[in-house]
Amino acid sequence: MIPVRRDNARLDALYDRALNYPLPPNTRNEFWGDGDATIQKNMSGGSGDYCDYRVRITLHTSLSEAEIRRYYSKAKIAGAEHPAQITLWFAEPDEWYGRGYILEVYDSHDSDWDWRCAL
């Protein structure tokens, strides 16, 4: 169970870093503390003996898609060994909530005997 606990701690740490990363101006997390954190094998396709970590957080902003992309193009969120990859998913703007988007933070690490990620 040690590899499982270790990888759960890595996922929790990635989730905390993503959740606590400063938001762009005029952006809010309507569901503070509400996000999706997942660990599994081959989340991004391919094969191998590694664990994928993915965190998704739903946010709302009055900024344009281009402004949000520019902001996160400079973002550095630490992964387990390297900077995590950041992907953005946008919804159509809404008159009440502004532009909704999902911040997705992804990282990968050797499985080191975690049964959820091993070959």
Side-chain angles (χ1 to χ4, degrees):
M1 289 304 291
I2 291 173
V4 170
R5 288 188 194 117
R6 181 207 55 230
D7 287 336
N8 286 347
R10 287 177 178 161
L11 179 63
D12 290 344
L14 181 63
Y15 178 76
D16 287 342
R17 288 189 298 272
L19 194 61
N20 291 309
Y21 192 83
L23 294 176
N26 303 315
T27 301
R28 64 196 178 285
N29 184 343
E30 296 277 332
F31 313 102
W32 181 253
D34 186 23
D36 171 31
T38 305
I39 182 172
Q40 68 183 45
K41 179 181 178 176
N42 297 335
M43 214 179 305
S44 62
S47 61
D49 192 15
Y50 58 89
C51 285
D52 290 332
Y53 308 90
R54 183 187 67 207
V55 173
R56 290 181 174 166
I57 302 168
T58 302
L59 302 164
H60 291 92
T61 188
S62 62
L63 300 177
S64 70
E65 183 176 329
E67 290 171 309
I68 295 296
R69 288 192 184 281
R70 193 168 29 257
Y71 179 84
Y72 284 107
S73 72
K74 300 171 189 166
K76 302 287 185 232
I77 299 175
E81 290 182 348
H82 309 286
Q85 297 174 18
I86 296 173
T87 305
L88 301 167
W89 306 91
F90 290 91
E92 290 298 317
D94 178 275
E95 68 179 273
W96 297 102
Y97 293 106
R99 178 175 303 282
Y101 69 97
I102 296 172
L103 169 65
E104 182 177 279
V105 180
Y106 169 84
D107 189 28
S108 185
H109 190 277
D110 291 338
S111 73
D112 297 334
W113 301 100
D114 185 330
W115 62 269
R116 298 170 296 179
C117 308
L119 289 172

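All residue numbers in this chain count up from 1 along the given sequence.
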Identify the two heavy atoms, one from Pro25 and one from Leu63, that lie closest to each other, and give their separation to 0.1 Å. O-CD1, 3.1 Å
For Pro24 against Tyr71, the heavy-atom pair lying closest together: CG-CD2, 3.4 Å
Please report the C-alpha distance between Thr87 and Ile102 in whole Å, then the side-chain angles of each, then the deciding distance to 0.1 Å, and finally whether the side-chain contact (heavy atoms from CB on, under 4.5 Å) criterion is met. CA-CA 8 Å; Thr87 305; Ile102 296 172; over 6 Å; no
Quick one, Thr61 with Leu59, criterion side-chain contact (heavy atoms from CB on, under 4.5 Å). Give me CA distance, side-chain angles, the key distance, then yes/no. CA-CA 7 Å; Thr61 188; Leu59 302 164; over 6 Å; no
Atom pair [atom1] ([X]) and [atom2] ([Y]), whose distance is rounded to the nearest 0.5 Å:
| X | Y | atom1 | atom2 | answer |
| --- | --- | --- | --- | --- |
| Asn8 | Tyr53 | CG | OH | 9.0 Å |
| Arg99 | Asn26 | CZ | CG | 13.5 Å |
| Asp52 | Leu11 | CG | CG | 11.0 Å |

Please enumerate all residues that pass side chain to side chain donor-acceptor pair (under 3.5 Å) together with Arg28, with sequence neighbours excluded. Glu30
Salt-bridge criterion met for Arg54 and Asp107 (N-O under 4.0 Å): no
Is it possible for you to say whether Val55 and Trp89 belong to one hydrophobic cluster, with membership spreading through side-chain heavy-atom contacts below 4.5 Å? no
Would you say Leu88 ends up clustered with Ile77 if hydrophobic residues are merged whenever their side chains have heavy atoms under 4.5 Å apart, either directly or through other cluster members? yes
Mind checking what makes salt bridge (Lys or Arg N to Asp or Glu O under 4.0 Å) contact with Glu67, not counting sequence neighbours? none
Residues passing the salt bridge (Lys or Arg N to Asp or Glu O under 4.0 Å) test with Arg69, sequence neighbours excluded, are Glu65
Please walk me through it: do Leu14 and Tyr106 pass side-chain contact (heavy atoms from CB on, under 4.5 Å)? CA-CA 9 Å; Leu14 181 63; Tyr106 169 84; over 6 Å; no
Begin from the C-alpha positions of Asn29 and Ile57 and carry the test side-chain contact (heavy atoms from CB on, under 4.5 Å) through to its verdict. CA-CA 8 Å; Asn29 184 343; Ile57 302 168; 3.7 Å; yes
